[in-house]
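Worksheet for the structure shown next.
In what follows, chains are A, B, ... by sequence order, proteins preceding strands, each numbered from 1. From a predicted model like this one, the values you see are computed outputs, not experimental measurements.
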Number of protein chains: 2
Amino acid sequence: MRIGELGKATGVDRETIRYYERTGMLPAAARLANGYRAYGAVHLERLAFIRHCRALDMPLVDVRLLLDFLDRPRNDCADVNRLIDAQLVRVRARLKSMRALGRQLEQLRGRCNAKHATTDCGILHELVAAAQGEARTCHGDAATAPIGMKGARKTR
Amino acid sequence: MRIGELGKATGVDRETIRYYERTGMLPAAARLANGYRAYGAVHLERLAFIRHCRALDMPLVDVRLLLDFLDRPRNDCADVNRLIDAQLVRVRARLKSMRALGRQLEQLRGRCNAKHATTDCGILHELVAAAQGEARTCHGDAATAPIGMKGARKTR
DNA sequence: TGAAAACCCTGTAGCGACTCCAATGTCAAG
DNA sequence: CTTGACATTGGAGTCGCTACAGGGTTTTCA
């Protein structure tokens, strides 16, 4: 199998495959007489594994760890569990913030349903107002003070 | 206001502020006699606006567009709407795939509740099997969504 | 007064996970 | 024999920061 075929079989870009090889996630492929990479079933399996993990949004460092578990089995898989748990935590956290994000955007979108001058655009007004509110409420009193303030630092 | 104060007021790292200036999102600050940047209310507002948009997960290109609308108002805000709509579409799509992701990971996690040898780890087995199934089914079909969701922001 | 801490400057390099490009080589079809 | 699809390499670019290195300035405290 040449790189293009492997790419088609797994839905992975050729450049990405070479990148995985460069970074040691895929073993270096054998070469044909003309220098082209020659792949076998092993590569296909491994690449599919990587992509599946990536589809689960795991960072490559974690995928590398899992690959290592496959390559050199241990007599304790607790680390695998930990890894999946951590991933789950990440995903759940992002899910939560994404939901809030969606709500905010929907609200924002509702502010402007017609075309008019940008000076009257409810969305822009809302964005500006919200930003001002945040600067005032979220990060201390410095925001409200006029320009020339000196001293009065707070520890971060 | 010097850069540190602005940073504290908005919760933005100094390096990030300088980065925004370098990339033209913030106008170049005036300088004090010693070369330190001097910021005023305008900068604070603008920076808060940028951060609010970023909190809505908008890419900086879009934020730049919005800033441009603020700087040079048009007599048509349809582009603003389009921009927000696009962002909403992005967020909804990600939300959906995140939900699926969470379910998959939960299922995966359920495969292994105890410590044992990695050769017997249900999670690893499941991952390998799922990957193989995918490689088989997606043969030649380019219908799979791209994996890299790099808009994934960590909260500050 | 002097030292230490905290702040600021510029410029450059690094991150993750690709993605794109140029310049070149190889091979099958028409 | 040319065209086009495929392959190779090395290097640079992407996004949105973040982290130095190596200097200068200001504030604080003993």
Side-chain angles (χ1 to χ4, degrees), chain A residues 1-26 28-39 47 50-65 67 87 90 94 142 148-156, chain B residues 1-26 28-39 47 50-65 67 87 90 144-156:
Chain A
M1 220 184 334
R2 293 181 311 179
I3 198 168
E5 297 169 291
L6 179 62
K8 214 155 277 179
T10 52
V12 179
D13 193 283
R14 278 172 301 232
E15 303 271 17
T16 304
I17 296 174
R18 284 194 274 257
Y19 168 77
Y20 286 157
E21 181 179 315
R22 240 188 353 264
T23 55
M25 320 220 11
L26 280 178
R31 299 300 178 122
L32 301 171
N34 56 13
Y36 290 9
R37 285 172 179 82
Y39 292 102
L47 183 53
I50 294 172
R51 292 314 272 189
H52 185 73
C53 292
R54 290 291 299 131
L56 291 174
D57 215 18
M58 282 184 216
L60 287 186
V61 269
D62 286 6
V63 181
R64 267 188 273 266
L65 282 176
L67 286 170
Q87 181 61 16
R90 274 198 295 271
R94 262 222 323 262
M149 38 174 296
K150 31 202 82 168
R153 307 277 62 237
K154 279 183 220 160
T155 40
R156 198 195 273 234
Chain B
M1 220 186 329
R2 294 183 311 183
I3 197 169
E5 297 167 291
L6 179 62
K8 215 153 276 182
T10 52
V12 180
D13 193 283
R14 280 173 302 229
E15 304 269 18
T16 305
I17 296 174
R18 284 192 275 257
Y19 168 75
Y20 286 157
E21 181 180 315
R22 244 194 342 271
T23 54
M25 320 217 14
L26 280 178
R31 298 301 178 120
L32 301 171
N34 55 14
Y36 290 10
R37 286 173 178 81
Y39 292 103
L47 183 53
I50 294 171
R51 292 312 276 188
H52 185 73
C53 291
R54 290 291 301 132
L56 291 174
D57 216 17
M58 283 184 216
L60 288 186
V61 270
D62 285 7
V63 181
R64 266 187 274 264
L65 283 176
L67 286 171
Q87 180 61 16
R90 273 198 293 272
T144 12
I147 283 188
M149 300 183 242
K150 51 195 158 198
R153 264 174 35 83
K154 301 148 254 217
T155 339
R156 44 175 199 252

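- Between the P atom of D:dG16 and the CG atom of B:L56 lies a distance of 14 Å, rounded to the nearest Å.
- B:V63 places a side-chain heavy atom less than 4.5 Å from the side chain of B:L67.
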List, with names and distances, any nitrogen or oxygen atoms from the protein found under 3.5 Å away from nitrogen or oxygen atoms belonging to nucleotides 27-30 of chain C.
| from | atom 1 | to | atom 2 | distance (Å) |
| --- | --- | --- | --- | --- |
| C:dC27 | OP1 | A:N34 | ND2 | 3.2 |

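- Note on A:R37: only backbone sugar-phosphate atoms sit closer than 4.0 angstrom, heavy atoms only; bases stay farther off.
- The separation between A:L26 atom CG and C:dA17 atom C1' is 14 Å, rounded to whole Å.
- Each of B:R31 and A:L60 has a nearest nucleotide on DNA chain C; the 5'-most of these lies closest to B:R31.
- Phosphate contact (OP1/OP2 of D:dT18, side-chain N/O of B:T16, threshold under 4.0 Å): present.
- Rounded to whole angstrom, the span from the CZ atom of B:R64 across to the C1' atom of D:dT14 amounts to 12 Å.
- One atom, CD of A:E21, and another, P of D:dG10, lie 11 Å apart when rounded to the nearest Å.
- At the phosphate of D:dC6, neither OP1 nor OP2 sits under 4.0 Å from any side-chain N or O atom of A:R14.
- Atom CG in B:D13 sits roughly 14 Å away from atom C1' in C:dC7 (whole-Å rounding).
- Closest approach of B:T10 to B:L6, counting heavy atoms only: OG1-O, 2.8 Å.
- At least one side-chain heavy atom of B:Y19 sits under 4.5 Å from a side-chain heavy atom of B:L60.
- Under the 4.0 Å criterion applied to side-chain N and carboxylate O atoms, A:R94 and A:D57 are assigned as salt-bridge partners.
- Partners of B:R18 by salt bridge (charged side-chain N to carboxylate O under 4.0 Å, His left out), not counting sequence neighbours: none found.
- Side-chain contact check for B:M25 versus B:L47: every heavy-atom pair is 4.5 Å or farther apart.
- Comparing C:dC18, D:dG16, D:dT18 by their closest approach to the side chain of A:R51 singles out C:dC18.
- Of all heavy-atom pairs spanning A:P59 and A:R90, the tightest one is CD-NH2, 3.4 Å.
- The phosphate of C:dG16 (OP1 or OP2) has no side-chain N or O of A:Y19 nearer than 4.0 angstrom.
- Residues B:R2 and B:Y39 approach most closely at C-CD1, 4.1 Å, considering heavy atoms.
- Judged by distance alone, with hydrogens and angles left aside, B:E5 brings no side-chain donor or acceptor close enough to the base of C:dC7 to form a pair under 3.5 Å.
- The 5' end of DNA chain D is approached more closely, in terms of each residue's nearest nucleotide, by B:Y20 than by the other of B:Y20 and B:E15.
- Between A:L6 atom CG and D:dA7 atom P there is a gap of 10 Å when expressed in whole angstrom units.
- The phosphate of C:dT10 (OP1 or OP2) has no side-chain N or O of B:R22 nearer than 4.0 angstrom.
- For the pair A:Y39 OH and D:dA7 C1', the interatomic distance rounds to 11 Å; values are reported in whole Å.
- For D:dA19, neither phosphate oxygen OP1 nor OP2 lies less than 4.0 angstrom from any side-chain nitrogen or oxygen of B:R18.
- The distance between atom CD1 of B:I3 and atom C1' of C:dC7, rounded to the nearest whole Å, is 11 Å.
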